[in-house]
Amino acid sequence: MYKSYKQLNLPEIDQEILQFWENEKIFDRSIQERDPEKTYVFYEGPPSANGLPGIHHVMARAIKDIFCRFHTLQGERVDRKGGWDTHGLPIELSVEKELGITKDDIGKKISVDEYNQKCRETVMRYKDIWDDLTRKMGYWVDLDNPYITYENSYIESVWFLLQRLHRKGLMYKGYTIQPFSPAAGTGLSSHELNMPGAYKEIRDTSAVAQFKVKDTDNEYIVAWTTTPWTLPSNTALAVGKKIPYVKVSTFNRYTQEPIFVTLAKDRLNAYFSEAKPDMTAADAVPGNKPYPYIEIVAEMTGAELAGTRYEQLMPYVKPEGDAFRVIVGDFVSTEDGTGIVHIAPTFGADDMRVAKENDIPALLVKDEFDNPMPLVDRQGKFVAEVTDFAGRYVKDYGQKEDRPTDVDIVIKLKEENKLFHSEKYLHSYPHCWRTDRPVLYYPLDSWFVRASDYKERMSELNKTINWKPTSTGEGRFGKWLENLQDWNLSRSRFWGIPLPIWRTEDGKQELCIGSIPELTREVEKANKALGLNQEVPKDLHRPYIDDVVLVSEDGQAMKRELDLIDVWFDSGSMPYAQWGLDYEKLAAGDEQPFNAPFGQSYPANFIAEGVDQTRGWFYTLHAIAVMAYDTVSFKNVVSNGLVLDKNGQKMSKRLGNAADPFKTLEQYGADATRWYMMANSDPWDNLKFDLEGIEEVRRKLFGTLFNTYSFFTLYANIDKWQPQAGQSIPVADRPEIDRWVISKLNSLSKEVQEQFSAYEPTRACRAVERFVDEHLSNWYVRLCRRRFWKGEMNADKQAAYETLYECLVTTAQLMSPVAPFFSDWLYRNLTEGVKDDAKKEGSRLQFDSVHLSLLEPANESLIDLGLEERMDYAQRISSLVLSIRKKDMIRVRQPLQKILLPVLDAGFERQVEEVKDLILAEVNVKEIAYLRDDEEGFLKKRIKPNFKTLGKRLGKNMKAAAQAINQFNQDDIAALEKSGTYTLVVGDENFELTMEDFEITTEDIPGWKVATDGSLTVALDLTLTDLLEDEGMARELVNRIQNIRKDKNFEVMDRITVVISEDPTIARAVTNFGDLIKGEVLADELSIGTPNGGEAIELPGELQATIEVNKRS
RNA sequence: GCUUGUGUAGCGUAAUUGGUUAACGCAUCCGUCUGAUACGCGGAAGAUUGGUGGUUCGAUUCCAUCCACAAGCACCA
């Protein structure tokens, strides 16, 4: 017996199947039972269990799950090691928030030890919730043996990779400009700068300073800045190579002295009102108002201007090198300012870069340890050397001063005839999210990976990766690689992987450690040399590792560089670090000394994450693989889009529009949710997540399939039908419609397998939807219903059962990657009773779960495109007939005599003839007649040019040709059809056209009711004879009696007796079609008489009658 | 600001890669069928394919430009 259910309950199925999977260890078996030689490698990008999972995680993980399951289905072995990302800023932040401390307090209020302990506890806080989601959504990943990035074995593997890069000379310590918060005393990551609210609109004092050209009396180059405090550090001016500049004569508005100023021609109007040759000093007014200039005395391009030397603006400190030159910068624009940019290499990233390119020195002083430092210290104060402003904060850091330093600098410039213009300027400027104080761009020491050295190689190898969608790989990722900068590895934090570099005091000797054994050796060496008694710490994190002192070759003590590494390096190392180091291989000098099964699991066949990982995980995986081993680390990558709310807004807790993944799964089930996400749109498009869409999927796909299954079980249980090996009817011997649906099924199987192989889940899902709804349920089952419930078991019935059964089993397999629960439920219900036998025979029904089954390639020999075509005709012709009936209000139960079909071509008639019976039964018509063209002029035809074939040949004559062809009359068309060729004359050119250059359709059959669909035309004979009317009435009676049976809750197989009240029309119908009625409603007796009670019914023609239906005892 | 992507009926998506009635589903309205299916079927209404220009005999499709949305990267004088 097949299990039958009252109604579909997907969440209940989830529960049941989950239990089953766990009890029978199905996930484990789905890996263990596969050939270890045939692997499909998948990498799990580690989530952080520090935050709660959202609905977008369901999306991302559904994608991962689908392709892993699909490849399992194809017989491959897909190991799926889970992982946890345990380091990083968000974790530190949540710990600090909880403890109510700031970074400053670490080491003071709380020891680093305690702090890190707290991080370690916090990081797995939501692990249980994550595991719960993983389980409930049906994501199969190994959670029992995950890699965890804070474990020693992981850390030392990362060290090994770092050491490998170090040995290749790819790591260096350098000075770069980074966002820095003086108030908090820490550098900030771009992540922190992009926190909401970090950029604020503020009003700054801006200045246009006058830089005096060397060896002139009063010629100046003017440059604008919104940060006057950087002016003492100026060492160059940048211009645009092709930008035109002008030198104009005028007066200084503050000193009234005559001056010449150079600025971009495009910016002239920003500072001057007009040319006024008779201008006097009195015309130069203070304030913001532009005033005139006398005249343009010279014009030049930036390229010509470059090389000009000028005097230092604020000569507090002398530079070491060739400074104070005009140089060319690619970033210079004329959008605002003067088109000339003031360069202070210590306080701007562009500045530093362009200065380096032009050998411009930075302005530096020596700190107390004789190390170079900029003119502003780490607290944001000017150094002593900047005498006028020494000790003053450059920005507002809570000091109580009369005036901001910027204003005093401007005043000083004004007095010295060095200021051309000043005004308050409103702009957005980054602030430290913690202290709310402005950020400075400040040069900091950092460790870098020379990623830019591998720029070309990374691009090259990237081209071998299959990106979904390609635009992300070529565009977003490709462009990023083209402009690759060195990777800043340093993070001055506490909870993360420590940089394994030890240096001597002078920084001249350094050692990069690549494993715990190596560290042990070095510690022993140091102990001996320095007389210490150190041990390798049990935990490689700070602060323990900071205490380790190593020794250089010449006996100097070496201390660890205090930085941690960027957490992105952690996750990018997972292909190697998830397995840990194999010390034997390491000792043997293996270049890839990682534990098994590293060799079989590198590189990955497939990874998937959100697009936001393009420059995150996708990049770090790629960069590390290319730099360390000159390979790709993944061959296929799917980057999914965002999950937005149904209005296209980003989901956020704040807006309250975030969908709760648990509620969604609980209410709709995992399968409907997953299916909706895949079928609705390509996963790389943003998804407008709408619960109604899930409901629709539940109804249309799962509901339909459930009903199809219910239908099958209803009759299969009555007939006690089960598939039996060796007894099945060869497909070739089955009826047309069976062969058709089997053909469709194999076409589907082919399509679905192709699409999944090509990482196109949406296309695969839509193909399944179409098959289930349009073909299986609403054509095959609908037309075959009678075969299941009519009569005794015979070959035809047997064929019907087998066909439907095969369709259901294959469909379960095909949909199983996306809908793992329902498909398993379906597969198991179908195979439960036959599994034992199937095991003996080794058939595909033998498996304990659909996820252990093997999906065979589509059987192409069963695909019959001709058959599919004629069934398509049948569907369309039926639909057309029904539409004519509808138009003329003739109900389907009323039989009609004849359908008339104009013959399109010889093949058409043959095709339709094969499916004639199906059409006639479906639309309740007695016969089909074909109209050939013998009777000229009977059919009214329409002709259209075939643009596809003609367009190429005719080119611009196409328009004239189309016009000529559209004007063909019926005789022209007939002549063309007879000869098969036509000579088209356009202008003085002749074109020989053949039949395929035209599309001829039948437009009308005079005297008949006609409907058309594309090239198909159907006419219907609406004449009603008495006999037809009687049969129509008989069918009405069948319908009423069936309804009564149903109302009375009779069993499907119950026999009945029927008495109908007297009426001449009814009597005639009963006389002529009594046997038909009896057969349909399973009546042993049918009579006209006086019903004893019974049901009152209405019949067409406003006929009233009473029918008495009784069960036969 | 730069880069990338998206824009088709109220909503969600198609369109054989440049070929002529722009398709499907949901929702709405009207009608209808059913002994698996409150499901199906039939019909109606609903679109200047974001705007403008261009290439072409022909553009939803190619190009340019603008607009809107989203993301990424910058944010700097």
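Since the structure is predicted, the reported quantities are computational estimates derived from the model, not experimental observations. Order of the sequence lines sets the chain letters (A, B, ...), proteins ahead of strands, with each chain counted from 1.
- Secondary-structure stems of RNA chain B, taken as three or more successive Watson-Crick or G-U wobble pairs (i with j, i+1 with j-1) under a 3.5 Å distance threshold, comprise B:1-7 with B:67-73, B:10-13 with B:23-26, B:28-32 with B:40-44, B:50-54 with B:62-66.
- By the rule that a glycosidic angle within 90° of 0 means syn, B:U61 does not qualify and counts as anti.
- Comparing atom distances between the A:E696 side chain and each of B:C76, B:G19, B:C26 picks out B:C26 as nearest.
- Across the interface with RNA chain B, nearest-nucleotide mapping of A:Y715 and A:V611 shows A:Y715 to be the residue nearer the 5′ end.
- With sequence neighbours excluded, the residues forming a side chain to side chain donor-acceptor pair (under 3.5 Å) with A:Y801 are A:D719, listed by chain and number.
- Taking the six-membered ring for Trp, A:F712 and A:Y2 have ring centres closer than 6.0 Å.
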Write down the protein N/O and nucleotide N/O pairs, taken from nucleotides 42-47 of chain B, whose separation is under 3.5 Å; answer none if there are no such pairs.
| residue | atom | partner | partner atom | Å |
| --- | --- | --- | --- | --- |
| B:G42 | OP1 | A:S879 | OG | 3.1 |

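- Applying the salt bridge (Lys or Arg N to Asp or Glu O under 4.0 Å) test to pairs two or more places apart or on separate chains, none has a residue in residues 704-716 of chain A.
- With sequence neighbours excluded, no residue satisfies side chain to side chain donor-acceptor pair (under 3.5 Å) with A:N686.
- We find the CD1-CG distance between A:I877 and A:L1020 to be 12.0 Å, quoted to the nearest 0.5 Å.
- Using a cut-off of 4.0 Å between Lys/Arg side-chain N and Asp/Glu carboxylate O, A:K468 and A:E760 are scored as salt-bridged.
- Spacing of C1' atoms, B:A22 relative to B:A14, comes out at 9 Å, to the nearest Å.
- Between B:G46 and B:G54, the two C1' atoms lie 32 Å apart (nearest whole Å).
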**Prompt:** Where do A:I1041 and A:I1056 land on the side-chain contact (heavy atoms from CB on, under 4.5 Å) test, with the steps shown first?
**Reply:** CA-CA 10 Å; A:I1041 295 167; A:I1056 57 170; 3.9 Å; yes
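- Among residues two or more places apart in sequence or in another chain, the side chain to side chain donor-acceptor pair (under 3.5 Å) test is passed with A:E1036 by A:R891, A:R893, A:R1040.
- OP1 or OP2 of B:G40 has at least one side-chain nitrogen or oxygen of A:K700 nearer than 4.0 Å.
- When each of B:A14, B:A36, B:C76 is scored by its nearest atom to the side-chain atoms of A:D682, the top-ranked nucleotide is B:A14.
- Between A:Q1042 and A:L950, the one whose closest nucleotide on RNA chain B sits nearer the 5' end is A:L950.
- Applying the 4.0 Å criterion to OP1 and OP2 of B:A36, one finds that A:R785 has a side-chain N or O inside that range.
- Closest to the side chain of A:R893, out of B:C33, B:U37, B:U13, is B:C33.
- Distances from the side chain of A:N686 to the nucleotides B:C76, B:G40, B:A70 place B:A70 closest.
- Set against B:G12, B:A36, B:C76, the side chain of A:F711 has B:A36 as its closest nucleotide.
- Side-chain proximity of A:K944 to the nucleotides B:C76, B:U21, B:U37 is greatest for B:U21.
- If you take NE2 on A:H342 and OG1 on A:T235, they are separated by 9.0 Å, rounding to the nearest 0.5 Å.
- Side-chain atoms of A:M958 lie closest to B:C57 of the nucleotides B:U20, B:U13, B:C57.
- Taking every side-chain heavy atom of A:R699 into account, B:C26 is the closest of B:C26, B:U37, B:C57.
- Looking only at distances, no side-chain donor or acceptor of A:T205 sits under 3.5 Å from a matching main-chain atom of A:D406.
- Comparing B:G40, B:C76, B:U20 by their closest approach to the side chain of A:F947 singles out B:U20.
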